[in-house]
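Input: a single structure, listed below in structure tokens.
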Amino acid sequence: MEKTLKKDAFAEWLKKLPSYDVYVPVEDDGRFNYEIVGNAGAIDESFTNAVVGPKKVVFPQREVLLRFNSTNEKAPEVEEVLPEEKPAVVFGVRPCDARAVTLTDKVFGGDFADPYYWRRRNNTTLIGLVCTEPPSANCFCTSVGGSPAGKDGLDVVLTSLGDRYYVETLTTRGEKVVSDGGKVFGEPAADDKKAAEKVGTEAAAKVERQVEGVNDLTENLRDMFDSPFWDEESLSCIRCGICTYLCPTCHCFDINDEVLVPVPLTGERVRTWDNCQFPDFTMHSSGHNPRPNRASRLRQRILHKFRYFVENFGDYQCTGCGRCIIYCPVGIDIVDVLDKTAAYER
Amino acid sequence: MSDNTYIPKLAEIIDINEEVGGARAVKTFKTVFLNGDRFSFLPGQCAMLSVFGKGESMISISSSPLVEDYLQFSIMKMGRVTSALHEMETGAVIGVRGPYGNNFPMDEWKGKNLIFISGGIGIAPVWCVFQTALGNRGDYGDITFVYGARTSADLVYREEMEKLAKELPVHLSIDVEEPGWAEFVGFVPQNVTDKKPSPKDAIAVTCGPPIMIKFVIEALKELGFEDEQIYTTVENKMKCGIGKCGRCNIGGHYVCNDGPVYSWAELKKLPQEY
Ligand SMILES: Cc1cc2nc3c(=O)[nH]c(=O)nc-3n(C[C@H](O)[C@H](O)[C@H](O)COP(=O)(O)OP(=O)(O)OC[C@H]3O[C@@H](n4cnc5c(N)ncnc54)[C@H](O)[C@@H]3O)c2cc1C
Ligand code: SF4
Ligand code: SF4
Ligand code: FES
């Protein structure tokens with residue numbers, strides 16, 4: 001289903017979605033993030049991409065799994081705490097980040113489908129925004145199977161055409177938010193579809209970074225487990241974990257109990273994002289650590305994304321959003337690292 | 001009952017046996033589910049135990065599935081959760097979720113001789129397989145147990161072992177000489193070499209500290225065992241138990257789902273990341 005939306009009617013559309021948590025990219029101190037806003041007027045024309053992707057809506061940084069209390073002497077009571085059945089809609093999702101959600105879907109699906117994730121995921125509508133320009137000089141989506149106009153994972157796609165958006169609805173979830181908008185939408189003109197396609201193609205041509213030899217990557221990485229390469233590449237890492245926290249495909253988490261009242265015991269079991277770049281991520285209580293240094297942790301990050309995930313789920317676990325390059329405080333650059341593996345003498 | 005795997009079932013501790021004292025104490029707990037919950041598992045599988053307010057730990061189920069009255073866990077005191085378990089008394093209630101992981105392929109072993117080799121707390125996963133084999137005695141050939149610890153005071157299940165020694169070959173060892181110790185003195189792999197179990201129609205199951213496993217495997221290979229005849233378990237730090245929290249992997253294998261049981265033929269293909 002195709003429609004158009006005048007940009008100055010955007011706020012009208014949001015008003016028609018009162019039952020949703022509406023997330024819109026909001027600028028603060030030069031950086032964007034998806035925030036719940038009551039009355040957003042528009043998607044800021046200077047929006048590039050958010051520091052934290054829509055991953056935070058389907059898989060929040062901290063969430064309560066259960067509550068326990070032992071007011072009754074003996075057996076504690078355990079209460080499952082599932083997220084509220086509240087629909088959310090995220091506007092301005094970049095195609096790389098929507099595709100990343102399809103990858104976290106794979107992890108949280110399977111034999112032990114994760115009820116917390118799926119409660120949120122099934123209530124979340126992702127409204128994409130085609131990149132008119134690559135949001136950053138470090139984007140490389142086209143190397144890893146994506147594109148600035150990619151549709152994987154999106155429910156609705158908006159393409160900016162001057163003062164209007166071209167609106168494509170892809171799923172039933174998408175149809176719901178578009179039909180809720182009712183008369184705010186117009187009908188597309190004859191050549192709007194073509195014009196919208198052109199936006200995507202032109203943006204794709206402007207994606208500057210490419211991973212060399214990307215087709216051989218998984219094969220190249222097969223023999224590199226014991227290579228000194230990882231020592232060389234990881235020397236400057238300060239184990240801050242930014243690369244992995246901000247990665248839209250990274251899903252690792254920790255589970256801990258937080259005590260609210262010690263007696264009678266009341267508390268919550270909480271899951272929080274965790275990070276393979278932290279030394280204690282894998283450290284046993286005995287002190288033994290199977291990934292005891294930066295080299296083994298960088299190796300884990302790269303091999304997980306470009307080899308293990310391919311083996312387990314048939315896809316790279318990277319959508320080329322560029323965040324790990326942009327925000328790494330010491331300039332470790334995943335595209336450079338991958339390029340070097342292609343050329344590395346084994 | 002919820003089908004949410006993160007929600008533990010409540011279980012009461014009905015019996016506690018102090019196996020080993022000291023800083024790395026070991027206690028064996030028997031638990032029964034409250035609220036009529038049940039749980040069926042296979043030898044080698046584990047459960048995630050909760051002490052509410054402290055957290056969760058992955059622990060091998062050391063009783064056999066043939067025992068229906070309780071689940072048994074033998075637990076070494078390490079950090080937050082296991083220390084809290086060691087503080088508990090009978091009647092206390094813990095959480096149990098699972099079972100998780102794969103199992104020893106005991107069906108494939110029918111008709112074979114079984115040799116169990118373990119060290120220290122490594123006996124926990126082995127004990128379940130051993131008890132299951134004893135329970136189905138007719139299905140297997142000879143059963144041999146080789147078990148060792150640092151000192152005689154560190155031997156877990158010592159009483160049971162001594163009873164069993166009347167029926168089957170049980171070869172105990174301690175690392176250094178002690179007055180009154182009549183059995184083998186030396187490391188577990190040396191005891192294996194000393195007792196020379198035959199590889200003919202045999203399966204060896206070995207669990208213990210990684211360094212012990214390494215040398216036991218070398219000793220078994222010396223004796224002519226093939227990689228396919230040797231089984232072990234792998235331990236890595238775990239949180240979810242279901243392949244999602246991302247920390248227990250060896251290469252692309254998630255030990256919580258794809259392990260913890262591996263034949264040496266499988267394990268030696270994986271990178272050394274455990
Ligand atoms: C498959 C498997 C089976 C196991 N079976 C047994 C057993 O039968 N008996 C026994 O005594 N121990 C067993 N362990 C080890 C046991 O899980 C850890 O000793 C225990 O989790 C330490 O927790 P803690 O809270 O006391 O220590 P802390 O140091 O406070 O650890 C904090 C948390 O980190 C995780 N963690 C830390 N070390 C480990 C580890 N080595 N393995 C798994 N998770 C860890 C746990 O979630 C733990 O709660 C097993 C481990 C695995 C992976
Ligand atoms: S690995 Fe880096 S570039 Fe790839 S999706 Fe994650 S943050 Fe983006
Ligand atoms: S962002 Fe850079 S410095 Fe920080 S953990 Fe990742 S690679 Fe290391
Ligand atoms: S324990 Fe979470 S992935 Fe294995």
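Chain identifiers are assigned alphabetically (A, B, ...) following the order of the sequence lines, protein sequences preceding nucleic acid strands; residue numbering begins at 1 within each chain.
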Which region of [X], side chain (C-beta onward) or backbone (N, CA, C, O), has a non-hydrogen atom less than 4.5 Å from a non-hydrogen atom of chain B, or is it both or neither?
| X | answer |
| --- | --- |
| Asp114(A) | both |
| Thr266(A) | neither |
| Gln300(A) | side chain |
| Val78(A) | side chain |
| Phe281(A) | both |
| Arg299(A) | side chain |
| Leu260(A) | neither |
| Phe225(A) | side chain |

Pair Tyr117(A) + Phe59(A): ring centers closer than 6.0 Å:
no
Step through it carefully: locate the ring centre of Tyr100(B), locate the ring centre of Phe112(A), and say whether they are under 6.0 Å apart.
yes
Of all of [options], which one pairs up most often with chain A through heavy atoms under 4.5 Å apart?
| options | value |
| --- | --- |
| Pro271(B), Gly251(B), Gly79(B) | Gly251(B) |
| Gln272(B), Arg247(B), His253(B), Met78(B) | Arg247(B) |
| Glu273(B), Met76(B), Lys244(B), Met238(B) | Lys244(B) |

For chain B, find which of [options] contributes the most heavy-atom pairs closer than 4.5 angstrom.
| options | answer |
| --- | --- |
| Asp254(A), Leu65(A), Leu66(A), Asn256(A) | Asp254(A) |
| Asn289(A), Thr282(A), Asp226(A), Leu303(A) | Thr282(A) |
| Glu79(A), Met283(A), Glu268(A) | Met283(A) |
| Val259(A), Ile255(A), Leu82(A) | Ile255(A) |
| Pro290(A), Gly110(A), Gly267(A) | Pro290(A) |

What part of Glu12(B) lies closer than 4.5 angstrom to a heavy atom of chain A: side chain, backbone, both or neither?
side chain
Can you say whether Asn249(B) sits under 4.5 Å from chain A via the side chain, the backbone, both, or neither, judging by heavy atoms?
both
Could you verify whether a donor N or O on one side chain and an acceptor N or O on the other, from [X] and [Y], lie under 3.5 Å apart?
| X | Y | answer |
| --- | --- | --- |
| Thr104(A) | Lys55(A) | no |
| Thr102(A) | Asp152(A) | no |
| Tyr157(B) | Ser62(B) | yes |

Could you check whether any side-chain heavy atom of Asn103(B) comes within less than 4.5 Å of a side-chain heavy atom of Val261(B), counting everything from C-beta outward?
no
Any side-chain heavy-atom pair from Pro248(A) and Thr319(A) closer than 4.5 angstrom?
yes
One pair to check against side chain to side chain contact (heavy atoms under 4.5 Å, CB included): Thr341(A) and Phe229(A). What are the steps and the verdict?
CA-CA 8 Å; Thr341(A) 63; Phe229(A) 177 78; 3.5 Å; yes
Under 3.5 Å, side chain of Arg297(A) to main-chain N/O of Arg291(A), donor-acceptor pair present?
yes
Quick check with a 6.0 Å cut-off and a 45 degree axis cone: is Lys30(B) positioned over the face of Tyr70(B)'s six-membered ring?
yes
Tell me, please, whether Tyr6(B) has Arg269(A) positioned over its six-membered ring: NZ or CZ under 6.0 Å from the ring centre and within 45 degrees of its axis?
no
Test log, rule side chain to side chain contact (heavy atoms under 4.5 Å, CB included), inputs Leu265(A) and Asn69(A):
CA-CA 5 Å; Leu265(A) 179 70; Asn69(A) 74 69; over 6 Å; no
Interface residues of residues 47-54 of chain B facing chain A - non-hydrogen atoms under 4.5 Å apart
Ser50(B), Val51(B), Phe52(B), Gly53(B), Lys54(B)
Should Arg62(A) and Glu258(A) count as an ion pair when the cut-off is N to O under 4.0 Å?
yes
With a 6.0 Å cut-off (strictly less than), is the heavy-atom count around CD of Glu68(B), excluding the residue itself, greater than 12?
no
For Arg97(B) and Phe39(B), which heavy atoms make the closest approach, and how far apart are they?
C-CE1, 4.2 Å
